[in-house]
Amino acid sequence: MARPSAMSGFPELLPGQRLVEQRVLDSLQQTFELHGFVSVETRAVEPLDRLLSKGETSKEVYVLRRLQAEPDDDRGETDSASRLGLHFDLTVPFARYVLEFAGRLEFPFRRYQIQKVWRGERPQEGRYREFTQADIDIVGRDELAFHHDVEVARVMAEALAALPVPPVRLQVNNRKLIQGFYAGVGARDVDAVMRVVDKLDKLPADAVGALLVDEAGLDERQASLCLQLAGIRSADTSFVERVRELGVTSQLLDRGLEELAAVLEGCASVAGDRVRVEADLRIARGLDYYTGTVFETVMDGLEHLGSICSGGRYDALASDGRTTYPGVGISLGVSRMLVPLLAGGRLSASRSVPSAVLVALVDEGSRPVSDAVARRLRARGIPVEVAASPQKFGKQIRFAERRGIPYVWFPDPGTGSTGGQVKDIRSGEQVEADPDTWRPPAEDLRPRVLTGDAPNDD
RNA sequence: GUGGGCGUAGCUCAGCUGGUAGAGCGCCUGGUUGUGGUCCAGGAGGUCGCGGGUUCAAGCCCCGUCGUUCACCCCA
């Protein structure tokens with residue numbers, strides 16, 4: 001069989017890269033759990049009708065079909081309720097999960113979920129057909145206090161700050177604020193205004209202004225006000241004053257300003273060099289189910305990837321017709337964030353295997369001696385592997401070097417498994433050692449994540 | 001889904017106006033008597049994505065196809 005080649009949009013990592021990804025996932029899990037979020041995993045498939053109910057994402061869904069299905073037994077061709085599709089995000093499955101287990105969950109329910117999702121899109125950098133998302137959401141029954149918006153932002157900011165990635169900018173806005181403002185200036189089609197304003201990162205401001213007149217039915221003055229609003233950004237609550245200066249008033253606007261200010265104040269304690277939290281009144285999010293706070297996040301120097309982490313407030317995350325479950329959540333695109341950094345060499349692991357020590361093999365006959373040394377080291381939590389074959393020591397050292405294993409242990413068959421010498425192959429230093437007491441420095445125990453910039457940034 | 005670029009050794013690529021393939025890196029072996037990285041000397045490895053066409057002759061031109069990549073769209 002011919003050598004298979006990479007399948008575009010289905011990124012696969014090399015061992016050292018996977019090591020970095022695992023570190024990141026561990027870190028996320030740790031932060032989320034520190035804030036009391038519980039892990040949930042949902043099945044990979046949902047009924048097609050449920051996946052499609054959110055709108056026109058239909059083209060993106062991968063459909064599942066049994067190879068042996070009888071053609072005429074395949075009601076699925078027409079019956080979307082019995083057909084299955086792979087989930088394309090974690091929010092839809094979670095909403096279904098909440099409804100299904102509502103009777104056995106405690107509300108407000110806070111969960112994190114780290115899983116693969118699938119979208120049948122045209123792939124490109126940062127955009128994949130199979131990728132990992134890490135979501136946190138808080139969902140309430142009938143109502144959900146606003147302070148959870150602040151909480152979700154703070155948890156994600158803290159999670160991002162702990163990751164070995166470039167600094168990020170968490171941009172926050174509020175749908176009530178912009179909708180209230182647009183209504184306040186007299187826009188008749190508020191959604192149309194929002195859609196047009198959303199084009200600001202693709203088109204120059206005057207072009208967007210023209211579109212506001214042509215497509216959203218605003219007059220010049222209204223369009224100008226909307227553009228001025230979109231231009232407001234601040235890392236503190238000073239945006240409130242600047243919005244007031246535009247002289248537009250509405251109740252909804254007041255509410256939005258209040259909420260957005262609260263999010264910024266609430267995040268002040270976690271914001272820093274690694275994560276900057278700012279109000280950006282340009283952010284709208286295309287998705288129409290957001291009703292309040294909205295988030296978008298970009299990495300410094302990698303803005304072209306788009307948002308790596310977004311979400312917001314839904315008044316109706318889920319509803320069974322009788323009870324409504326409002327929610328607020330953020331979704332981190334782990335693959336979008338990591339894969340370009342790994343591919344560009346900006347993120348790597350100090351070694352490609354967990355082993356801190358390679359125990360050399362003198363000859364096949366003394367393998368039990370090498371195994372015993374390894375066992376003693378492992379008993380104290382030191383990751384160890386034994387050389388595959390009794391090659392010349394030069395070869396065995398090179399074996400370790402290729403994998404980045406920092407230490408090679410030379411057993412002394414004369415003394416059995418209790419002695420030998422250990423060599424730090426980076427410095428060349430070699431000392432007598434006892435496998436029951438020797439241990440590597442803490443920083444060598446596990447592979448480290450290296451963030452050194454390689455000559456490749458975009 | 002729409003439009004453009006590209007597909008040559010494991011990797012990154014070169015190959016002039018068509019004359020039956022090259023570099024760097026990597027890999028393997030050796031420079032004896034069990035300690036790598038440097039250096040030196042050898043060596044392995046390619047149906048030039050695939051199919052068809054034009055031509056005495058195609059990696060190079062034409063058509064198709066698949067793959068890949070970028071932009072739009074959408075989004076993580």
Side-chain angles (χ1 to χ4, degrees), chain A residues 2-11 14 54-61 87-91 113-136 156 160 168 195 198-199 201-203 283-288 290 294-299 302 304-312 329-340 343 345 358 360-363 366 387 389-413 420-430 455-456 458:
Chain A
R3 197 160 67 108
S5 60
M7 195 179 282
S8 170
F10 294 86
L14 290 169
K54 280 277 183 173
E56 40 195 323
T57 42
S58 55
K59 285 164 286 190
E60 299 183 354
V61 175
H87 58 227
F88 56 82
D89 71 8
L90 300 179
T91 305
Q113 189 169 346
I114 302 177
Q115 283 183 246
K116 286 276 166 63
V117 306
W118 296 269
R119 295 185 191 179
E121 298 184 88
R122 216 43 103 62
Q124 49 187 266
E125 189 189 24
R127 175 180 174 168
Y128 310 104
R129 298 195 284 194
E130 176 181 65
F131 59 98
T132 302
Q133 283 192 319
D135 281 32
I136 54 173
M156 192 54 91
L160 288 167
V168 301
R195 276 197 306 275
D198 204 32
K199 295 184 190 297
D201 35 285
K202 299 284 180 189
L203 297 173
I283 307 297
R285 308 291 303 141
L287 306 172
D288 52 3
Y290 292 121
V294 287
F295 307 101
E296 257 179 36
T297 312
V298 290
M299 285 191 283
L302 295 157
H304 65 280
L305 291 177
S307 178
I308 57 157
C309 179
S310 7
I330 312 190
S331 174
L332 170 63
V334 176
S335 304
R336 168 170 288 185
M337 172 179 70
L338 244 32
V339 172
L358 174 77
L361 191 60
V362 176
D363 51 47
S366 69
S389 62
Q391 292 177 293
K392 290 190 196 176
F393 284 167
K395 291 275 181 59
Q396 296 194 40
I397 290 170
R398 202 168 65 179
F399 175 100
E401 188 191 17
R402 296 267 163 83
R403 291 160 177 74
I405 301 172
Y407 296 95
V408 175
W409 189 287
F410 298 103
D412 177 358
Q421 298 196 327
V422 65
K423 177 189 183 87
D424 179 336
I425 65 175
R426 295 160 301 188
S427 64
E429 187 189 0
Q430 184 167 332
N456 186 345
D458 51 9

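Residue numbers begin at 1 in each chain, while the letters A, B, ... track the order of the sequences.
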List, with names and distances, any nitrogen or oxygen atoms from the protein found under 3.5 Å away from nitrogen or oxygen atoms belonging to nucleotides 2-8 of chain B.
| unit_1 | atom_1 | unit_2 | atom_2 | d |
| --- | --- | --- | --- | --- |
| B:U2 | O4 | A:Arg122 | NH1 | 2.9 |

Identify all pairs in which a protein N or O lies below 3.5 Å from an N or O of nucleotides 41-43 of chain B, and state each distance.
none

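Here B:C73 presents its P atom at 10 Å from CG of A:Asp198, a figure rounded to the nearest Å. We find that CG of A:Leu305 is positioned 12 Å from C1' of B:C75, with the value rounded to whole Å. What separates NE2 of A:His304 from C1' of B:U69 is a distance of 14 Å, to the nearest Å. Here the C1' atom of nucleotide B:U68 and the CZ atom of A:Phe10 are 15 Å apart, to the nearest Å. Distance A:Arg127 CZ to B:U69 P: 13 Å, rounded to the nearest Å.
Judged by the 6.0 Å and 45° rule, A:Arg402 forms no cation-pi pair with A:Phe399.
Looking at A:Arg119, its side chain has no donor and acceptor atom pair within 3.5 Å of the base of B:C75. Side chain A:Glu125 to base B:A71: no donor-acceptor pair is found below 3.5 Å.
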Nucleotide by nucleotide, 5' to 3', does protein get under 4.0 Å of the base (B), only the sugar-phosphate (S), or neither (-) in nucleotides 24-36 of chain B, counting heavy atoms? ---SSS----BBB

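For A:Phe393, the ring pair (Phe, Tyr, Trp, His ring centres under 6.0 Å) partners at least two apart in sequence or on another chain are A:Phe410. Listed by chain and number, the residues in a salt bridge (Lys or Arg N to Asp or Glu O under 4.0 Å) with A:Arg127 are A:Glu121 (sequence neighbours excluded).
For A:Gln115 (side chain) and A:Leu90 (main-chain N/O), no donor-acceptor pair under 3.5 Å exists by modelled atom type. The backbone N or O of A:Thr297 sits less than 3.5 Å from a side-chain atom of A:Ser307, completing a donor-acceptor pair.
Of the side-chain N and O atoms in A:Ser8, none sit less than 4.0 angstrom from OP1 or OP2 of B:G67.
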Using a 3.5 Å limit on both pairing distances, list the dot-bracket string of RNA chain B from the 5' end; Watson-Crick and G-U wobble pairs count, crossing pairs take [ ], interstrand pairs take |. (((((((..((((........)))).(((((.......))))).....(((((.......))))))))))))....

May I have the step-by-step check of side chain to side chain contact (heavy atoms under 4.5 Å, CB included) for A:Asp412 and A:Gln421, ending in yes or no? CA-CA 8 Å; A:Asp412 177 358; A:Gln421 298 196 327; over 6 Å; no

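Taking atom C1' in both B:U55 and B:C74, the straight-line distance is 48 Å, to the nearest Å.
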